[in-house]
Every structure is written in C-alpha cells, then in structure tokens.
Amino acid sequence: MAKVAFIGLGVMGYPMAGYLKSKGEHEVTVYNRTTAKAQKWAEEFGGNFAETPRKAAAGADFVFCCVGNDDDLRGVVLGEDGAFAEMSSGSIFIDNTTTSAEVARELYAIGKEKGISFIDAPVSGGQAGAENGVLTVMCGGDEDAYTKAEPQIMAFARACRRMGDIGAGQTTKMVNQICIAGLLQGLAEGMNFGSKAGLDMDAVIDVISKGAAGSWQMENRGSTMCKGEFDFGFAIDWMRKDLGICLEEAKNNGARLPVTAMIDQFYAQVQARGGGRWDTSSLMHLLAND
C-alpha cells in the first residue's frame with residue numbers, strides 16, 4: 001500500500017482518485033480548489049483531504065494531478081503551497097492533465113533538481129472512462145519512474161504505456177485529439193448528408209458501422225448527432241483547449257494541420273452559439289442548422 005495524493009477533483013479526477021482508494025487500496029489524500037468537494041470525496045471513499053496541494057503531497061510516494069491547463073498545473077505544483085514544496089526525494093508526480101509538452105518538460109526539470117520524478121500522463125476515454133476505471137493513459141518520462149508508477153496508474157486504467165521521454169505522453173495525446181477532431185467532422189457531414197437524403201439513419205449507422213467507416217464515435221454518437229442531442233461527453237470548451245495545444249506544438253515541430261485548424265474554427269462557431277459545454281459531436285449543429 002502506497003501513500004498517494006490526488007490534486008484536482010473535477011469530472012475526471014474525482015472518480016480517478018476514488019479508484020486509487022478502492023481498487024488500489026492506497027492511503028489517499030485529496031486536494032481540490034473547492035474544499036467542500038474534497039470533503040465530499042473523503043466522506044464517500046474514506047480517504048483524507050487537505051487544504052493545500054502542499055499539505056496533500058506531504059509524505060506521499062505518488063502525487064497524481066488532473067486540473068485544467070498549463071497555468072492551473074503550475075499553480076498546484078510550484079510556489080509556497082505547491083506540491084513540490086513538500087514532496088520528498090524519490091517521490092513521483094504523475095500529471096494526468098492534458099497540457100502542452102512544454103510545461104511537462106519545464107516541471108520535469110524543476111522536479112529533477114529536487115530529486116522528484118515527473119511523468120506526463122494524459123488520459124483518453126472521457127468522463128465515462130474515468131467513472132468506469134477504463135481510461136487509456138499515455139506517458140512520458142524516465143523509464144524507472146514509469147515502471148514504479150504504472151501499477152498505481154492501472155487502478156483507473158485499462159491501458160497504460162510509456163511513449164518515450166518527458167513530453168511524449170502529451171504529444172501522443174495531441175495525436176489522439178487531432179484524429180478525433182477529423183473523424184467527428186467526417187461523421188457529422190455523413191450523418192447530415194444521410195438525413196438530408198431522407199434515409200433511416202439508425203439503419204444507416206447499423207450497416208456502415210460494421211464496415212470500414214465504423215468507429216467508437218459512430219457507434220456512440222452517430223444516432224444522438226442525428227437527434228440533435230449534445231448534452232453529454234467531452235465538452236467543446238475542453239476540445240478547443242486541446243486543439244489549441246496541438247496547433248501551437250505544430251508550429252514547433254513543423255507539422256501541417258490544415259483540417260485541425262479548420263475544425264477548431266467550426267468549434268469556435270458552436271461556442272459563439274452558446275454551445276461551449278456541448279459534446280464535441282455538436283459539429284453536426286452547424287451543418288443541420290445552416
């Protein structure tokens with residue numbers, strides 16, 4: 001049994017921390033910006049809560065984190081009340097936030113000076129994956145630190161892999177988001193085309209999902225897209241944050257992302273219509289209502 005801290009109890013972090021306590025059978029202390037939520041988690045799972053990231057990380061072997069963006073991550077890691085201020089040499093920080101590769105490398109270097117290992121470990125699978133403990137985790141960092149962290153990560157995951165040195169987890173997640181964005185636009189156009197043609201779209205989805213066009217998105221979002229239902233899943237606000245990271249990284253490595261840039265602007269149009277919290281499948285809204 002390890003001593004574990006978890007920082008950030010959003011829709012992803014709350015159940016992930018729960019699996020570390022129940023399935024991992026660890027001693028878990030949580031921190032959340034809203035203390036009441038941390039108290040609720042402690043009552044539900046029988047763990048502990050702390051008032052600052054520093055206090056949560058005190059004496060922890062592993063510190064997990066799942067917050068909003070680069071600045072949020074720096075805020076809970078660095079400074080007088082940050083986790084690094086109290087983590088001991090030999091401990092490991094596992095960041096499950098989707099951030100830039102740049103901030104992962106920055107915090108890795110700072111941690112190394114203190115004897116703290118830093119692993120960038122973004123996740124895929126959404127809220128449902130977190131709640132069911134079946135996330136896919138892509139990791140970057142030193143191999144020895146990853147080997148120690150992997151069994152802990154598997155408490156809330158169905159797959160976990162080291163992709164390379166620090167930052168490789170985040171760049172792998174960027175590939176994931178680029179692929180999803182393109183797939184969703186193609187799916188939205190296909191569903192809209194079929195609807196305009198007067199086809200029975202449930203029948204269409206049933207047939208083509210068994211062929212080369214089939215995908216998780218088609219099976220889980222195709223029908224709801226046709227019905228104009230977008231009140232679940234991964235929000236556009238979050239996707240645009242992720243795509244912004246992808247586009248910025250592409251400037252650094254020279255990759256061309258013309259379709260990703262276009263779809264990012266489509267999402268901006270949905271945001272302008274008040275759909276920032278709609279699921280990413282709401283690309284269909286633009287096609288069906290214009």
Side-chain angles (χ1 to χ4, degrees), residues 5-13 16-17 31-33 52-54 56-57 60 62-87 91-124 130 135-143 145-146 149 152-153 160-178 180-181 234-235 237-255 257 260 264:
F6 202 105
I7 298 170
L9 300 176
V11 296
M12 302 292 287
M16 290 164 69
Y31 164 79
N32 193 65
R33 186 165 48 189
T52 66
R54 177 174 182 165
F62 302 93
V63 178
F64 288 82
C65 179
C66 192
V67 290
N69 55 38
D70 287 22
D71 289 339
D72 292 333
L73 178 60
R74 289 188 182 96
V76 297
V77 173
L78 305 176
E80 184 177 345
D81 289 325
F84 274 9
E86 200 66 38
M87 291 177 68
S91 58
I92 301 174
F93 191 101
I94 302 113
D95 177 38
N96 298 122
T97 313
T98 296
T99 67
S100 68
E102 179 182 356
V103 75
R105 298 181 188 113
E106 171 192 329
L107 296 178
Y108 169 87
I110 295 171
K112 197 172 184 65
E113 293 179 356
K114 299 173 176 287
I116 300 166
S117 296
F118 186 97
I119 297 172
D120 60 301
V123 301
S124 179
L135 292 169
T136 297
V137 190
M138 303 146 261
C139 300
D142 295 339
E143 191 166 0
Y146 172 79
Q152 324 307 324
I153 295 170
C160 181
R161 182 167 180 171
R162 178 179 177 268
M163 306 307 298
D165 293 333
I166 193 66
Q170 294 297 347
T171 49
T172 301
K173 178 63 182 288
M174 293 174 206
V175 173
N176 186 79
Q177 301 305 77
I178 291 165
I180 289 174
F234 191 67
D237 288 343
W238 304 336
M239 186 59 147
R240 286 212 70 209
K241 181 209 77 172
D242 292 358
L243 294 183
I245 291 170
C246 297
L247 294 166
E248 191 63 31
E249 184 67 20
K251 295 178 183 177
N252 298 327
N253 67 22
L257 299 177
T260 302
D264 179 56

Residues that V175 engages under side chain to side chain contact (heavy atoms under 4.5 Å, CB included), provided they are two or more places apart: C179
Under 3.5 Å donor-acceptor pairs involving side-chain atoms of residues 72-81, not counting sequence neighbours:
| unit_1 | atom_1 | unit_2 | atom_2 | d |
| --- | --- | --- | --- | --- |
| D72 | OD2 | G68 | N | 3.4 |
| D72 | OD2 | N69 | N | 3.3 |
| R74 | NE | E106 | OE1 | 3.2 |
| R74 | NE | E106 | OE2 | 3.1 |
| R74 | NH1 | D71 | OD1 | 3.3 |
| R74 | NH2 | E106 | OE1 | 2.9 |

Straight-line distance of M12 CE to T98 OG1, nearest 0.5 Å: 8.0 Å
pair F6-C66: side-chain heavy atoms closer than 4.5 Å: yes
Any donor-acceptor N/O pair, S91 side chain to M87 backbone, under 3.5 Å: no
Test item: Y146 and S117 side chains (from C-beta on) under 4.5 Å apart, heavy atoms: no
Side-chain heavy-atom pair F64, Q152 within 4.5 angstrom cut-off: yes
Partner set under ring-ring contact (aromatic ring centres under 6.0 Å, His included) for F234, not counting sequence neighbours: W238
I7 versus P53, closest heavy-atom pair with distance: CD1-CB, 3.9 Å
Nearest atoms (heavy-atom pairs only) where P122 meets G169: CG-O, 3.2 Å
side-chain contact (heavy atoms from CB on, under 4.5 Å) between V123 and T136, intermediate numbers included: CA-CA 6 Å; V123 301; T136 297; over 6 Å; no
All side-chain hydrogen bond (donor to acceptor under 3.5 Å, both in side chains) counterparts of T171, not counting sequence neighbours: none
Side chain to side chain contact (heavy atoms under 4.5 Å, CB included) involving N252 - partner list, sequence neighbours excluded: E249
Considering all heavy atoms, the nearest A17-L9 contact: CB-CD2, 4.1 Å
Atom pair NZ/NZ of K114 and K112 - distance to nearest 0.5 Å: 15.0 Å
Partners meeting salt bridge (charged side-chain N to carboxylate O under 4.0 Å, His left out) with E248 (sequence neighbours left out): K251
Residue pair L243 / M174, side-chain heavy-atom distance below 4.5 Å: no
N96: partners by side-chain hydrogen bond (donor to acceptor under 3.5 Å, both in side chains), with sequence neighbours left out: none
Side chain to side chain contact (heavy atoms under 4.5 Å, CB included) involving T97 - partner list, sequence neighbours excluded: C65, V67, D95, T99
Distance (rounded to the nearest 0.5 Å) between S124 OG and Q177 CD: 6.5 Å
Validation row: I153, C139 side chains within 4.5 angstrom (heavy atoms): yes
Spacing of SG belonging to C246 relative to CZ belonging to R240, to within rounding of 0.5 Å: 12.5 Å
Pairwise salt bridge (Lys or Arg N to Asp or Glu O under 4.0 Å) hits with a residue in residues 165-174, at least two apart: R162-D165
ring-ring contact (aromatic ring centres under 6.0 Å, His included) partners of residues 97-117, not counting sequence neighbours, each pair once: none
Approximate separation, where rounding is to 0.5 Å, of I116 CD1 and I92 CD1: 11.0 Å
Trace of the side-chain contact (heavy atoms from CB on, under 4.5 Å) decision for M239 with I180: CA-CA 10 Å; M239 186 59 147; I180 289 174; 3.9 Å; yes
Nearest-0.5 Å distance, CE of residue M16 to CG of residue L135: 5.5 Å
For A5, side chain to side chain contact (heavy atoms under 4.5 Å, CB included) partners two or more places apart: A56, A60, V63
Residue pair D120 / Q170, side-chain donor-acceptor N/O under 3.5 Å: no
All ring-ring contact (aromatic ring centres under 6.0 Å, His included) counterparts of F118, not counting sequence neighbours: F93
